[in-house]
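Count residues from 1 along the sequence. Hydrogens, waters and symmetry mates are skipped; everything else that's a heavy atom, side chains included, is used.
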Amino acid sequence: MLWYTKTMAMDTGAAARPDLLGRATSQSDLVVQWLRTAILTGRFEPDEVLVERRLSEQLGISKTPVREALIMLSTTGLVTVNRNQRVRVRRLTVEDARHVYEQRILLEPWAVAEASRSGRADFREARDLMEDAERLATTDDTAALVTTNRDFHRALYAQCQNRLVVGTLDGLQDLTALAALTVFWELAPTWQAESVEHHDIYKAAVDGRADEAGALMRKHIERSLVRLSEHTGAGG
């Protein structure tokens, strides 16, 4: 897997961290991780066509794992496939972003509350990611900040014992990161405010204040939707 080591080494900061959404078990999983990082760091831009042959040549591998990786990413929504089988990086509309956050608000506050309530949760990874995000908020590395914020949220809700809920939220994480990068923070950079909100959510979760942790997470997501409406006039 020398190609993976070399290509991932080109990324810096949180974007180079092994993906928290699951450990790679095959070559196609590694390609998924590389492509996800490339999209969420802006190496591949919205509407850009991803050509299977070019990617396989760039990575020095056969087309099969690349094809499998593109299929996997199409299920998360990071890429789209048209009738001619052309694969493009997804361009999220404001409505798309709103729908992603509306789905999260139905599940994520409950999952964080349940994780805090269980007494078995280990939030050390969330703490480390929160500290990374606070550091990145003082830099201009927006792409790394987006992926670190995504991973922080995952480190909280993934402690929930309901794997169906965790799996559903995992399915929204790529689109959440893409929405933050290309919609929310394009309209109004809010990472400084979000950093404070993250700290409050984390502290409530660690202290076992489950209902408060859930309520704070709900307000955190709702604030993003309010900001979106304020800047676009979108309803909902």
Closest contact, heavy atoms only, [X] versus [Y]:
X: Val183; Y: Thr93; answer: CG2-O, 4.2 Å
X: Leu40; Y: Leu181; answer: O-CD2, 3.3 Å
X: Val146; Y: Ala177; answer: CG1-O, 3.2 Å
X: Pro65; Y: Ile61; answer: CG-CD1, 3.8 Å
X: Pro46; Y: Arg90; answer: CB-O, 3.9 Å
X: Thr148; Y: Ala133; answer: CG2-N, 3.7 Å

Pairing of [X] and [Y] as salt bridge, 4.0 angstrom limit:
X: Asp128; Y: Arg124; value: no
X: Glu48; Y: Arg88; value: no
X: Glu131; Y: Arg135; value: no
X: Arg117; Y: Asp211; value: yes

Set of residues satisfying side-chain contact (heavy atoms from CB on, under 4.5 Å) with respect to Gln159, sequence neighbours excluded: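 Applying side-chain contact (heavy atoms from CB on, under 4.5 Å) to Gln159 gives Ala115, Ala121, Asp122, Phe123.
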Within-4.5 Å side-chain heavy-atom neighbours: [X] and [Y]:
X: Trp34; Y: Gln58; answer: yes
X: Leu70; Y: Leu35; answer: yes
X: Arg150; Y: Thr176; answer: no
X: Val81; Y: Arg86; answer: no
X: Glu134; Y: His199; answer: yes
X: Thr80; Y: Val87; answer: no
X: Leu50; Y: Val66; answer: no

Where at least one partner belongs to residues 63-79, residue pairs that pass salt bridge (Lys or Arg N to Asp or Glu O under 4.0 Å), sequence neighbours excluded: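 Residue pairs with at least one partner in residues 63-79: Glu52-Arg67.
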Worked check of side chain to side chain contact (heavy atoms under 4.5 Å, CB included) between His198 and His153: CA-CA 9 Å; His198 284 175; His153 278 263; 3.2 Å; yes
Pair Glu222-Ile105, side chain to side chain contact (heavy atoms under 4.5 Å, CB included): steps then yes or no: CA-CA 7 Å; Glu222 285 176 343; Ile105 207 169; 3.0 Å; yes
Partner of Tyr157 under side chain to side chain contact (heavy atoms under 4.5 Å, CB included), chosen from Leu107, Asp170, Asn162: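 Of the listed options, the one satisfying the test is Asp170.
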Verdict with supporting geometry, Arg154 and Val166, side chain to side chain contact (heavy atoms under 4.5 Å, CB included): CA-CA 9 Å; Arg154 210 265 173 184; Val166 172; 4.0 Å; yes
Residues Thr182, Arg91; criterion side chain to side chain contact (heavy atoms under 4.5 Å, CB included); working and verdict: CA-CA 8 Å; Thr182 63; Arg91 179 179 292 279; over 6 Å; no
